[in-house]
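Within every chain, numbering begins at 1; the chains are lettered A, B, ... in the order of the sequence lines, protein sequences first and strands thereafter.
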Amino acid sequence: MIAVILAQTIALTGGTVYPVSGPKMEHATVVIQNGRITAVGANVTIPGDATRIDVSGKWVTPGLIDGLSNLGLAEIDAVDNTNEGSTGKDIASAFNVSEGLNPASTLIPINRIEGVTSALATPGGGLIGGQAVLIDLDGGTIEQMIDRSPAAMVMDLSEGAKHTGNGSRAGVAARLRQVFNDALEYSRRKADYNKAQMEALAAPAADLEALLPVLRGEEPVLVNVNRKSDILTALRIAKEYRLKLILAGASEGWEVASEIAAAGVPVLVAPMDNLPSYDGLGTRFGNATMLAKAGVKVGFYFSDSHNARDIRQQAGTAVSFGMTWDQALRAITLTPAEIFGVGDKYGSLDAGKVANVVVWSGDPFEFSTAVAHVYIRGREIPLTSRQKELLDRYRTVPPSY
Amino acid sequence: MVVAAAACAGARATQSPTPAQHAAAPAAAAQQDSFSAERAQYPSTYQRHPNSPVLIKNATIMTAAGQEIANGSILFKDGRIVAVGTSVTAPADAVVVDGTGKYVTPGIIDVHSHMGVYAAPGTFAESDGNEATRPNTADVWAEHSFWPQDPQIPLAIAGGVTTIEALPGSANLIGGRSAILKLVPARTVQAMKFPNAPYGLKMACGENPKRVYGDRGGPSTRMGNMAGYRDAFIAAEAYRRRWDKWNAKHEGDPPERDLKNETLAEVLRGHILVENHCYRADEMAQMMDLGREFGFKIRSFHHAVEAYKVRDLLAANGTGATVWSDWWGFKEEAMDGIHENAALLQQAGVKVNIHSDDAGVIQHMNQEAAKAMYYGIQAGIPVTRDQALRWITANPAWTLGIDSIVGTLEAGKMADVVLWSGDPFSVYSRALQVYNDGWLVYDRNDPLHQPRTDFELGQEPLPGSDR
């Protein structure tokens, strides 16, 4: 079955192609073979066995990526037993969400048929929530869904984590440093640890062990943070421990945009968040734009994963607040792929990349635009979902059962 | 006559007297002869802000009354729309706004907001939306919680919203009275109360009441919910009879006031409109039967994610549906939400509103209406631009009982007007100017017309700086 799918060759011909990695191409062709993009351009040779699909007049983009989500980990918010993203522990670095992923989640078809093809499945809660994984919204098994695991270690320095630092921001920062220090100490003295010749450490060995790739700068650290001062704390700690930092939320990021840019730290933002709280009184619509203007690498997410499909509304709204259209498309394609270390495989339409491709009737950010085709790893996704079946059942009332 | 009307002690008693009447009322002699139910109940003190006439010309005017006028003009003066059309002349003192390439719509009306009762910054101190202490709180009024300095309010204004219904939350079977408010800067909620608007009553079905009260004496089931509504209205029926009898003759002592029954009796008289939080189709059918049992009609089902399943029943009952474009899945009763809900309801002849229930969504109601319209069209369900605009203007005005005053751009209507940078159904358009009763309450390009709440002053950084 899989072999048959992978062997399929598809040529999307005549569309306006937005590769993201370069300028748009009119009347161009995208060739998909064995789950990969094999050619993109106005003058490409189409293999003889290719199924040709005429997409003239349509727009072709990479599949959209939601940079921070519960996709695969949540079904019904109010039903605890359908949620898999949290352990309830303060320090859960050894917790990798993978085996909580549900390939049968109804959220997956509902969102992928509107162009979202990948997402970060993200743990939450506590100071160190655990390991996020990047998934494709297709695949019958967990293994088939995962693009990269772990994609990032998730931490929280916002007010939401204050309880893990005895109720104070300084306490949270101190506890995080203690955990890092103990992880380093543990790595130096594993033999002593095994002989129980060490003082008690700030976390169990498995959690400290899981932090070592982070402390070696191999695995990125995604830090939820909003207030300007907390953002600077995150930058400070990242510098102290040479972490590969990703800021998420960052609602007051615009105020310290030059510091973030100077540190070379990418940011994941929700461009339509602007409600003030004490964690971020300076939350504003223009955050994404101002960060991008300062030279920060900006990716987007949408906090309601049931409607991850609205990531394109987020992007369009960011444009209405001054971001360029190209920046906004990059923020939901190539930028998140780069942030999670898979920029060589995902996020743009280039030969050799995984064939996550969407064909739109027009500008993907506009409400008037519909999805025509979605490909994930080269497989054409049937445009069906539980919601589409409900619509079809109730096109007439009473319905025919 | 005046006494009899006031004794209804409900919507009719709260129609706004002028400040002069209000001040003159509590004369000592009158106080001795009257009692609380006969006096004005927290009356509106709203007053129109004085302004020059305004002419917006060369714009696309979307009236929400059937027309989309290219190269059109709209003139408003003294808070009223004077003329809409292709050849409108302005008086000499009018401010003329060039609307070339721009669009004009009526002010947006959101029938489901918790701004002011769940204000930002969102701590316990501002958590005033659910009197979750007993399942029937028909006695509480949202206006008594409403904080006019909620910094979310200017953000909603910047999204083109001119009127809201601020509602109690959905913890209770009967949550209390709503407040219909003009979204203008004000010191008091009374100064925001929409003159002569009837009250709404918040009721809630399903999961929320049974979750909140399940281990606190009930209800713990949907059948318990139904029994709770019925008990409340049985008591209100008797109360209404007692008062109607006394109001007719004024003989002997009046019955003792009871705030819960006072509100519910006004529902039974048709003076207060029921706004019913209800997700599941089968529960909507139950609630419409409840209305038949007690002789009232539910005005609109709110959230109503399954309304499309019983759209024929809603249409036959004359009950509206107030929905999101795409929210679903946050609880089990919200699992069957579909994008085409609004379009299917529209097609069946149901009065559709798009609502927010959220201080973020209220800032882009135009986008939500656009989504619901285009998803309908893409599924082959016909929806016109005028109909979609009515989902956020004329229809919510009907739901609130103020459609003779606001909701469309027609001569004589209140000058609640939004100027958009482009087609309001495009993701790229923003509100440029918002006029509320003729008052320029927001101008995207002029900080002098971006009023700040007290909360925002002196905060570093300024909340919502670039709204």
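Within the 3.5 Å criterion, the main-chain N or O of B/D326 finds a donor-acceptor partner in the side chain of A/N307. Between the side chain of A/E366 and the backbone N or O of B/V427, at least one donor-acceptor pair lies under 3.5 Å. Using modelled atom types, one side-chain atom of A/Q387 and one backbone atom of B/G337 make a donor-acceptor pair closer than 3.5 Å.
There is no contact between A/Q314 and chain B, counting heavy-atom distances below 4.5 Å. Proximity to chain B (any heavy atom under 4.5 Å) is shown, for A/D273, by neither the backbone nor the side chain. Heavy atoms of A/D279 lying under 4.5 Å from chain B are absent altogether. For A/S361, no part lies near chain B; criterion is any non-hydrogen pair under 4.5 Å. Only the side chain of B/T123 comes within contact range of chain A, with heavy atoms under 4.5 Å apart.
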Name every donor-acceptor pair, under 3.5 Å, that has one atom in a side chain of residues 394-401 of chain A and the other anywhere in the protein, sequence neighbours excluded.
residue: A/R395; atom: NE; partner: A/D392; partner atom: OD1; Å: 3.3
residue: A/R395; atom: NH1; partner: B/A379; partner atom: O; Å: 2.9
residue: A/R395; atom: NH2; partner: B/A379; partner atom: O; Å: 3.1

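If you tally non-hydrogen atom pairs under 4.5 Å between each of B/G122, B/G329, B/A120 and chain A, the highest count goes to B/G329.
Looking at A/S368 and B/Q378, their side chains never bring a donor and an acceptor atom within 3.5 Å of each other.
Remark: B/K331 NZ is packed, more than 12 non-hydrogen atoms of other residues, nucleotides or ligands lying under 6.0 Å away.
Side-chain atoms of A/I76 and B/F330, non-hydrogen and from C-beta on, never get closer than 4.5 Å to each other. Side-chain contact check for A/F285 versus B/L155: every heavy-atom pair is 4.5 Å or farther apart.
Annotation: residues 103-110 of chain A contacts chain B through A/T106, A/L107, A/I110 [non-hydrogen atoms, separation under 4.5 Å].
Under the 6.0 Å distance and 45° angle rule, B/R444 counts as a cation-pi partner of A/F321.
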For this session: Check step by step if side chain to side chain contact (heavy atoms under 4.5 Å, CB included) holds for A/E114 and B/H339.
Result: CA-CA 12 Å; A/E114 300 200 39; B/H339 271 142; 3.0 Å; yes
